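For reference, the structure is listed below as structure tokens.
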Amino acid sequence: MREKELRLALVLYGGVSLAVYMFGVCHEVSKLVRASKLLHGTPRSDRGRAGAPGRLPDGADTEPIYVDLLHRLSAQTELRVVVDVIAGASAGGINGVFLARALAHDLPLAPLRDMWLEKADITRLIEEDALAGRWSKRFLTPFLGRILKMAPDLAEDPETRAKLDLFVRSRWFQPPFSGPRFSGWMLEAAEAMGTPEPGASLLPDDHALDLFVSVTDYHGHPRTIPLDDPPLAVELEHQLTLAFRYLRHGGGDAETEFDDRALPGLVFAARATSSFPGAFPPATLTEIEQVLAGHGSAWPDRERFIRDKLGVILRDGRDPLTTPFVDGAVVTNKPFAAAVSALMGRPANREVVRRIVFVDPNPDVELAEDEPLPGFFRAIFTSLAQIPRNEPIHQELERLAALNSQVSVISEVVEAARPRIRSLVENILAEEDETAPDARTFARWRDLANEAAATDAGFAFESYLRLKILTVARRLRSIAETMTDTSLAGLGHAIARPLLETPRGAEGRVSAEAVAFLRAFDVDFRIRRLRFIIRHLNDLYHADRPEAHVEPLDETRLDELKSELYALLDSVRRRLRDLPGEADLVDAVRQLADPAQAADARQAAIARIGERLALKRDDDRLDEIFSVMVLNSLPLWARHELIIAYIGFPFFDVLTLPMTQWQDLDELDIIRVFRISPSDARAIRAGTAMDKLKGVRLRRFGAFFNRAWRENDYLWGRLVAADRLVDVVMTAAAEAAAGIDRLSVKKALFEAILAAEGPHLTADPHLVPRLLEEVAAIRAPAFGR
């Protein structure tokens with residue numbers, strides 16, 4: 001069965017009270033990912049046509065519909081949906097933190113609904129001693145009346161009018177909202193999500209989830225910039241990105257920064273990124289410690305958090321406990337850069353469809369060409385608050401376009417070289433007249449291919465060889481640094497220097513020492529080779545096959561072969577991570593870097609470390625897999641294609657590795673960009689954010705003044721996300737989606753969302769019935785069971 005992995009990198013914008021809407025979007029995203037995990041965690045033979053496999057979690061509503069959609073697509077393509085990158089600022093940063101925790105450990109997001117709907121209210125956010133009394137600042141009442149006359153929709157709502165009056169008359173010249181109270185609510189909400197169960201996750205094996213939360217260092221940290229004259233310049237940088245990671249290994253064990261021990265740091269990130277200037281006081285670690293003390297909670301990883309996330313503060317000699325941080329959107333409201341950077345070097349064990357999805361709660365641009373010159377206060381407010389939060393994203397999209405162009409060029413080069421490489425490999429295979437080659441034969445073929453790649457590539461091989469040696473030497477330096485916990489700058493170049501200075505032989509052969517060095521240590525080559533083979537194996541599922549009388553392809557046997565290759569890939573990846581930190585290994589690495597060492601001493605050091613890495617064992621295992629499983633599991637035409645990929649990989653690697661310019665572009669797929677916004681979701685109601693959301697009012701603070709408005713925005717968040725996620729999935733599925741009515745799927749999702757959320761949304765008795773009428777008017781056939 002053809003397999004595709006739809007990888008979503010989410011970029012979550014800021015938006016003050018539109019955080020409620022964005023929570024609805026994130027809630028729906030988690031449901032799609034959970035549905036994908038449910039379906040693909042069940043063997044194909046055990047799946048019901050329209051039934052959700054396994055046990056649906058409590059609160060499931062749209063999951064069965066997503067399961068049904070993905071199951072129907074699986075008739076042609078197994079489409080696995082994964083969110084592996086999240087970057088957020090301000091309102092998006094808060095929701096990104098909770099979404100990442102939910103995805104990493106398969107936790108529900110529903111407990112956060114109460115926090116947003118009940119507690120995100122002006123009367124609960126304001127400090128008690130800041131609330132206006134009955135007669136406080138009554139002279140402002142006429143002024144407020146004039147404001148309401150200019151906004152009739154606000155004036156007609158008693159709750160909004162009363163709370164706006166209270167807000168205007170409350171404390172001035174100090175932030176009215178309570179930072180500790182907000183932090184406490186987020187801590188309680190995170191705890192209410194539950195304690196992660198061992199092994200539970202919505203991430204597949206061998207996948208990482210990266211979260212990037214933008215915050216603003218109020219005082220700024222100095223950065224030194226090298227110049228020609230003067231030699232150095234110093235500037236203050238206020239942007240700071242807090243990065244968190246979940247890494248799931250094969251077999252289910254994981255390294256995580258989203259478990260219960262990490263909650264204090266996650267809450268600090270959420271509090272800091274949303275510390276809107278003037279509304280909340282700046283966030284500090286001291287505040288989080290006080291909140292933890294009030295809740296009777298500990299922070300066991302505090303020192304590590306400070307070291308890993310706030311190292312720049314420590315290096316400046318500042319106290320990280322009292323350093324103030326304000327809203328991340330002040331500097332970076334649209335954190336594309338972090339998301340795009342995280343796409344490099346992500347393993348691709350199957351065909352990947354990469355999408356960057358940015359969630360913009362209010363994308364509509366209002367041109368003001370005829371507006372008169374702004375007044376004094378309007379010019380200050382717009383310049384300091386609005387313009388910085390609406391910086392364009394075209395620079396990052398242009399960078400993405402350049403990356404896509406690079407991927408296209410590499411793909412074209414590979415395709416152009418494929419016939420020549422096939423011919424070279426077939427010549428190598430013809431040297432062994434064996435119908436059933438054993439593992440030793442495959443090993444000889446590999447050696448011949450490596451030698452042929454070196455001679456056939458000519459001058460191009462020089463840059464390839466240097467790049468490999470320098471990369472491996474740098475990895476050895478990292479091993480030594482990990483074992484000694486000290487910086488060993490320059491060690492990598494010292495290791496590589498004697499290997500690079502040794503000339504190649506008259507026939508272009510690589511020196512024996514360089515060959516031994518790469519065979520012993522080049523883990524990256526083994527990983528690239530295994531990924532390359534797996535990608536070609538995936539192509540067999542949908543390859544153009546010979547005539548019907550030729551032996552057919554047994555996809556079950558192909559699945560078994562793929563499992564073996566995945567297991568070997570995981571073994572290779574673990575090799576460095578599990579390397580024992582013994583002193584003799586560090587000594588051996590230092591020997592390699594010592595220019596006074598003779599060649600035989602360096603060879604002995606290579607052998608010592610190589611025995612511990614045991615990469616030759618993995619080479620032998622791969623030869624065995626090909627000599628047994630490939631030859632016995634696949635028809636002649638299919639196994640020939642896979643053997644060509646295996647033996648021919650050195651030729652492809654010589655071509656592509658220098659072209660990536662040290663970047664791991666393993667996915668080698670075009671990255672497309674989608675937007676989730678109220679303006680793009682038209683299945684229920686056309687229009688802009690103003691036609692659907694209430695929180696856009698009052699400079700995006702509107703939802704804080706009205707419970708019904710929060711319920712409206714949360715509900716629209718789920719509906720908008722469902723609308724757009726169907727588009728993303730169907731587009732990624734391509735030809736597999738033919739015959740599935742897109743509007744039918746959306747309508748079924750809308751009905752499920754309204755039925756599930758109706759009992760929780762009671763402030764406006766007309767909200768759900770009105771939307772049910774609009775959904776009923778959608779003309780589409782029934783979808784589902």
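Every value quoted in this text rests on a predicted model; they were computed, and no experiment measured them.
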Compute the centroid of each ring, for [X] and then for [Y], and state whether the two points are separated by less than 6.0 Å.
{"X": "Tyr246", "Y": "His207", "result": "no"}
{"X": "Phe280", "Y": "Phe182", "result": "yes"}
{"X": "Phe268", "Y": "Phe325", "result": "yes"}
{"X": "Phe212", "Y": "Phe244", "result": "no"}
{"X": "Trp709", "Y": "Phe704", "result": "no"}

Do [X] and [Y] come close enough that some side-chain heavy atom pair is under 4.5 Å?
{"X": "Ile313", "Y": "Asp217", "answer": "yes"}
{"X": "Val11", "Y": "Val359", "answer": "no"}
{"X": "Leu240", "Y": "Val312", "answer": "yes"}
{"X": "Val20", "Y": "Asn712", "answer": "no"}
{"X": "His221", "Y": "Arg315", "answer": "no"}
{"X": "Val29", "Y": "Val83", "answer": "yes"}
{"X": "Ile676", "Y": "Val720", "answer": "yes"}
{"X": "Val330", "Y": "Pro277", "answer": "yes"}

Original post:
Would you find more than 12 non-hydrogen atoms of other residues, nucleotides or ligands less than 6.0 Å from Phe701 atom CZ?
Top reply: yes
Original post:
Do Thr256 and His105 get their side chains close enough for a donor-acceptor pair, meaning under 3.5 Å?
Top reply: yes
**OP:** Would you kindly say whether Arg475 and Thr471 are connected by a side-chain donor-acceptor distance under 3.5 Å?
**Re:** no
**OP:** Would you please test Val25 and Phe23 for side-chain contact (heavy atoms from CB on, under 4.5 Å) and show each step?
**Re:** CA-CA 5 Å; Val25 172; Phe23 167 63; over 6 Å; no
Can we say [X] and [Y] salt-bridge, meaning some charged N sits less than 4.0 Å from an Asp/Glu carboxylate O?
{"X": "Arg675", "Y": "Asp360", "value": "no"}
{"X": "Arg245", "Y": "Glu255", "value": "no"}
{"X": "Arg307", "Y": "Glu303", "value": "no"}
{"X": "Arg718", "Y": "Glu28", "value": "yes"}

Which atoms form the tightest heavy-atom contact between [X] and [Y], and what is the distance?
{"X": "Gly328", "Y": "Thr216", "answer": "CA-OG1, 3.7 Å"}
{"X": "Ser183", "Y": "Glu287", "answer": "OG-OE2, 2.8 Å"}
{"X": "Pro361", "Y": "Leu18", "answer": "CB-CD1, 3.7 Å"}
{"X": "Ala272", "Y": "Ala283", "answer": "CA-CB, 3.7 Å"}
{"X": "Leu242", "Y": "Lys309", "answer": "CD2-O, 3.8 Å"}
{"X": "Gly194", "Y": "Leu107", "answer": "O-CD1, 3.8 Å"}

Could you check whether any side-chain N or O of [X] sits under 3.5 Å from a backbone N or O of [Y], counting only pairs where one atom can act as donor and the other as acceptor?
{"X": "Thr273", "Y": "Ala269", "result": "no"}
{"X": "Asp713", "Y": "Lys694", "result": "yes"}
{"X": "Gln239", "Y": "Val331", "result": "no"}
{"X": "His249", "Y": "Ala254", "result": "no"}
{"X": "Arg113", "Y": "Leu109", "result": "no"}
{"X": "Asp84", "Y": "Arg7", "result": "no"}
{"X": "Asn95", "Y": "Ala91", "result": "yes"}
{"X": "Arg710", "Y": "Leu117", "result": "yes"}
{"X": "Thr195", "Y": "Asp260", "result": "no"}
{"X": "Asp121", "Y": "Phe705", "result": "no"}

Original post:
When you look at Tyr714 and Tyr21, which way does the ring pair (Phe, Tyr, Trp, His ring centres under 6.0 Å) test go after all the steps?
Top reply: CA-CA 4 Å; Tyr714 162 66; Tyr21 159 81; over 10 Å; no
Would you compute the distance between atom [atom1] of [X] and atom [atom2] of [Y] and round it to the nearest 0.5 angstrom?
{"X": "Ile94", "Y": "Leu266", "atom1": "CD1", "atom2": "CG", "value": "13.0 Å"}
{"X": "Trp185", "Y": "Met115", "atom1": "CH2", "atom2": "CE", "value": "9.0 Å"}
{"X": "Leu99", "Y": "Leu211", "atom1": "CG", "atom2": "CG", "value": "9.0 Å"}
{"X": "Arg355", "Y": "Leu10", "atom1": "CZ", "atom2": "CG", "value": "13.5 Å"}
{"X": "Ile356", "Y": "Arg672", "atom1": "CD1", "atom2": "CZ", "value": "12.0 Å"}
{"X": "Arg248", "Y": "Leu202", "atom1": "CZ", "atom2": "CG", "value": "9.5 Å"}

**OP:** Mind running side-chain hydrogen bond (donor to acceptor under 3.5 Å, both in side chains) on His295 and Glu191 for me, showing each step along the way?
**Re:** CA-CA 11 Å; His295 282 70; Glu191 292 173 341; 6.0 Å; no
**OP:** Dump the intermediate steps for side-chain contact (heavy atoms from CB on, under 4.5 Å) on Val213 and Val97, then the final yes or no.
**Re:** CA-CA 8 Å; Val213 182; Val97 166; 3.8 Å; yes
**OP:** Using the salt bridge (Lys or Arg N to Asp or Glu O under 4.0 Å) rule, take Asp259 and Arg261 through it: C-alpha gap first, then chi angles, then the decisive distance, then the call.
**Re:** CA-CA 6 Å; Asp259 58 4; Arg261 291 174 61 90; 5.4 Å; no
**OP:** Would you check, one step at a time, whether the test side-chain hydrogen bond (donor to acceptor under 3.5 Å, both in side chains) holds for Ser201 with Asp106?
**Re:** CA-CA 5 Å; Ser201 177; Asp106 193 6; over 6 Å; no
Original post:
What do the steps show when you test Leu263 against Arg101 for side-chain contact (heavy atoms from CB on, under 4.5 Å), and what is the final call?
Top reply: CA-CA 9 Å; Leu263 284 186; Arg101 176 167 158 81; 3.6 Å; yes
**OP:** Applying salt bridge (Lys or Arg N to Asp or Glu O under 4.0 Å), run through Arg223 and Glu235 and close with a yes or a no.
**Re:** CA-CA 5 Å; Arg223 290 190 59 133; Glu235 67 176 6; 5.5 Å; no
**OP:** Decide yes or no on side-chain contact (heavy atoms from CB on, under 4.5 Å) for Leu8 and Val82, but give the supporting numbers first.
**Re:** CA-CA 6 Å; Leu8 304 180; Val82 177; over 6 Å; no
Original post:
Phe305 vs Trp299 aromatic rings, parallel, tilted or perpendicular, using cut-offs 30° and 60°?
Top reply: tilted
Original post:
Taking it one step at a time, do Ser90 and Asp327 satisfy side-chain hydrogen bond (donor to acceptor under 3.5 Å, both in side chains)?
Top reply: CA-CA 6 Å; Ser90 193; Asp327 197 314; 3.0 Å; yes
